[in-house]
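Notes follow the structure.
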Amino acid sequence: MTTRLMIALVICLMLAAGTVQAGGDAARGAELAADCGACHGEDGMGDEDNPKIAGMDKASFVAALQGYKSGEREDESGMMADYAADLSEQDMADLAAHFKSLGGN
Ligand code: HEC
């Protein structure tokens, strides 16, 4: 393999890794959501202790998670900060796409 081809490949990989898919990948979000179902329900409908997150607007969904992560958003229950702390921007976008797709009227 030529050096030039190697360099081109490395650049492609770096670009791919650095890009956040703005719309979010609902299929990947569904895998990540395994952690969320215990409280919010597999269908995201929530219960008396946990808010419904199915059908939530993507922008508010991501903003909520970013707020918990940064500590800007008050989390009365103390539940969300730990979960949000491990999520990347891409994770949040993917989760938002997944829960949005669940609808939940
Ligand atoms: C241990 C229980 C628990 C788990 C697990 C959990 N949550 Fe939550 N979540 C809560 C509670 C309780 C709240 C309300 C917190 C508050 O007081 O603001 C909340 C709030 C939220 C909100 C804001 C809802 C709104 O109406 O603004 C979003 C979005 C959210 N969770 C997403 C997630 C995602 C995504 C996951 C999985 C990565 C997750 N949660 C895992 C308990 C949980």
Side-chain angles (χ1 to χ4, degrees):
M1 204 183 283
T2 68
T3 310
R4 198 184 282 186
L5 189 56
M6 285 290 284
I7 291 171
L9 266 175
V10 169
I11 290 174
C12 283
L13 283 175
M14 285 183 346
L15 284 175
T19 319
V20 172
Q21 243 185 303
D25 178 346
R28 187 167 172 275
E31 288 170 26
L32 294 168
D35 279 347
C36 322
C39 296
H40 293 283
E42 294 299 324
D43 54 3
M45 292 304 280
D47 57 26
E48 64 271 19
D49 297 321
N50 303 286
K52 171 181 154 192
I53 55 174
M56 226 176 128
D57 172 65
K58 282 189 208 168
S60 343
F61 190 100
V62 170
L65 291 177
Q66 280 170 341
Y68 291 130
K69 185 173 180 177
S70 68
E72 255 168 60
R73 183 171 163 144
E74 193 79 32
D75 179 359
E76 281 173 38
S77 63
M79 300 289 190
M80 284 307 300
D82 279 352
Y83 282 90
D86 293 336
L87 300 173
S88 69
E89 297 277 308
Q90 183 69 64
D91 294 340
M92 293 179 190
D94 294 348
L95 283 161
H98 168 66
F99 282 107
K100 174 83 184 141
S101 76
L102 292 182
N105 298 308

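Every number for a ligand or one of its atoms is a count from 1 in the order of the listing. Here the structure is a predicted model, which is why all the values come from computation and not from measurement. The basis for the numbers below is simple: all heavy atoms, side chains too, and nothing from hydrogens, waters or symmetry mates.
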Legend entry - Heavy-atom nearest neighbour in the protein, as seen from atom 12 (C) of ligand 1, with distance rounded to 0.1 Å: Ser77 OG, 3.3 Å

I'd like to know if the side chain of [X] and the backbone of [Y] have a donor-acceptor N/O pair within less than 3.5 Å.
X: Lys58; Y: Ala93; answer: no
X: Asn50; Y: Cys39; answer: yes
X: His40; Y: Pro51; answer: yes
X: Asp94; Y: Asp25; answer: yes

Atoms of ligand 1, numbered as shown, that sit under 4.0 Å from any heavy atom of [X]:
X: Phe61; value: 29 (C), 35 (C)
X: Asp35; value: 5 (C)
X: Arg73; value: 23 (C), 25 (C), 27 (O)
X: Glu76; value: 16 (C), 17 (O)
X: Asp49; value: 12 (C)

Inset, instruction - Quick one: pull up CG in Leu65 and SG in Cys36 and give me the separation to the nearest 0.5 Å. - result: 8.0 Å

Legend entry - 4.0 Å heavy-atom contact, Met92 with ligand 1: no

Inset, instruction - Scan side-chain atoms only and decide if Glu89 and Gln66 contain a donor-acceptor pair under the 3.5 Å cut-off. - result: yes

Inset, instruction - Please determine if Tyr68 has a nitrogen or oxygen closer than 3.5 Å to a nitrogen or oxygen of ligand 1. - result: yes

Inset, instruction - Under 4.0 Å, heavy atoms only, figure out whether ligand 1 is touched by the backbone of Leu32, its side chain, both or neither. - result: neither

Legend entry - Side chain, backbone, both or neither: the part of Glu74 lying under 4.0 Å from ligand 1 by heavy atom: backbone

Using distance only, find each side-chain donor-acceptor pair of residues 79-86 under 3.5 Å and give its atom names and separation, not counting sequence neighbours.
none

Legend entry - Polar protein atoms (N, O or S) that approach atom 8 (Fe) of ligand 1 to under 2.8 Å: His40 NE2, Met80 SD

